[in-house]
2 protein chains.
Amino acid sequence: MTKKTSKYDKILNTFIQLLIEGGYQSATISKIAERAEVNPSTIFRNFTDKKGLLSAVVDRHLKDLSTIFDGVSMTGNIEDDLVILSKTYQEFQVDHQEIVLIGFQAALEMPEINKAVEEIPVLFKKILGDYFSDMKKQHKIRETIDVEAATMNLLWLNFGYFLSVIRFDHPNISTSATDFYDKQIRFFAKSLV
Amino acid sequence: MTKKTSKYDKILNTFIQLLIEGGYQSATISKIAERAEVNPSTIFRNFTDKKGLLSAVVDRHLKDLSTIFDGVSMTGNIEDDLVILSKTYQEFQVDHQEIVLIGFQAALEMPEINKAVEEIPVLFKKILGDYFSDMKKQHKIRETIDVEAATMNLLWLNFGYFLSVIRFDHPNISTSATDFYDKQIRFFAKSLV
DNA sequence: AAAGCATGCAAGTGGTTGGTTGCATTTTAA
DNA sequence: TTAAAATGCAACCAACCACTTGCATGCTTT
């Protein structure tokens, strides 16, 4: 696979970086050009217009998303598995936080962004639901557990934590990643068995 | 307490409405003026500049926040109490979603917005932490429960659910408010006793 | 070496937005 | 009723931004 042009990736990466730093409106063509050491006209030649840049971000995101849980294998130990799944989800979210941020900012310019953002939790939910169903069949979690409730619970827990991490600073509501996995996720996992 | 001017509130309410509909950049002075049936110059006379509008939103928000848990009384039944607390939090969040949205959008223009946004979960955490500590003293929740973990768990669960509600549309990850309280919160509460 | 393609450069365009100002008019309060 | 305060109005400004274009230059490929 040959790269589209030599500057294409550099521009796109710079754009994403600026998105994270200041959001969509703040990611000006001239800022991108300057930081990517590229002429503004080059940006338009590669991406047509600013929406084209957004599109490219969404495309790249969807491509990455499709492989997020590839190579992740379960151990059969509930606690460990939920940590692994949560960690996989969290790392992907943080690595792709720009799509979430512009989902909050540019949903008007590009409604399909929200669809792309949604797909992350939708996929994660499917993985979790399948896992819990499986574990229930194997009697590794209690009979009385509502799989749907457990799934959504863990989903929102992860989603809430992720957004706290990327937006909040306050010490009272900050938690290190290790604490999150070792305390929160395991706390949750224990309630299932 | 006398209102500042007759148009002040109308402008501010219109601004908030537009913030929810389309975000900060989209909430143009001329849009506000048109919908509030007011002349653009009146907006500047009342709020100095656009940041002044933001400031006013933040001020109003902080004022409302200070009374959020006033008049909320506990029953002693864990499940019911956690539903009440979550409901109080959720309703406040939805009623003040604009501050969260602009926290994602205008944090650059006004860094103090994020502080204001943070204060909601910070306060909620304190309420929850106190409640759990109290219940533990009364032996109404298990000895082995880590209060901090339980608190953060419920906090992120609520935060994640709230953001899902205001941003997501996908049927797979949508849940009615009643389902959230009756299934999720009670599911969580049961794990404590 | 030649041809084609990507890029740099510079000047410019049109639209939008936040913000100002002076004056006429309406609303409010004493 | 009257004075003061709040608003409407309209013209205007400066800044910024996305985007265009024509041409020169450099790089890559064959």
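Lettering follows sequence order; numbering is per chain, from 1. All values derive from a computational prediction rather than experimental measurement.
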What pairs with A:Phe159 under ring pair (Phe, Tyr, Trp, His ring centres under 6.0 Å), at least two apart in sequence or on another chain? B:Phe168

Measure the angle between the two terminal helix axes of the helix from C:dA1-D:dT30 to C:dA30-D:dT1, five base pairs each, and quote it to 10°. 40°

Rounded to the nearest Å, what distance is computed from the CD atom of residue B:Glu109 to the C1' atom of nucleotide C:dG19? 16 Å

Under 4.0 Å protein heavy-atom contact, by nucleotide of nucleotides 19-30 of chain D - B base, S sugar-phosphate only: BBBBB-------

Sequence neighbours left out, what pairs pass salt bridge (Lys or Arg N to Asp or Glu O under 4.0 Å) with at least one residue falling in residues 104-113 of chain A? none

Length of the NZ-C1' vector between A:Lys10 and C:dA6, whole Å: 15 Å

Does any pair with a residue in residues 170-193 of chain A pass ring-ring contact (aromatic ring centres under 6.0 Å, His included), and if so which ones, sequence neighbours excluded? A:Tyr161-A:Phe180, A:Phe180-B:Trp156

Applying side chain to side chain donor-acceptor pair (under 3.5 Å), can you list everything that pairs with A:His61, at least two apart in sequence or on another chain? none

For A:Glu37 and C:dC9, give me the distance from atom CD to atom C1', rounded to whole Å. 16 Å

Please enumerate all residues that pass ring pair (Phe, Tyr, Trp, His ring centres under 6.0 Å) together with B:Phe15, with sequence neighbours excluded. none

Compile the donor-acceptor pairs under 3.5 Å between side chains in residues 82-92 of chain B and protein atoms, sequence neighbours left out, one pair per line.
from	atom 1	to	atom 2	distance (Å)
B:Ser86	OG	B:Leu82	O	2.8
B:Ser86	OG	B:Asn158	ND2	3.2
B:Thr88	OG1	B:Ile84	O	2.8
B:Tyr89	OH	B:Gln93	NE2	2.6
B:Gln90	NE2	B:Asn158	O	2.9
B:Gln90	NE2	B:Asn158	OD1	2.9

Would you say CD of B:Glu37 has more than 12 non-hydrogen atoms from neighbouring residues, nucleotides or ligands within 6.0 angstrom? no

Listed by chain and number, what are the ring pair (Phe, Tyr, Trp, His ring centres under 6.0 Å) partners of B:Tyr131, not counting sequence neighbours? none

What is the nucleic acid contact for A:Gln25, judged by heavy atoms within less than 4.0 Å: base, sugar-phosphate only, or nothing? nothing

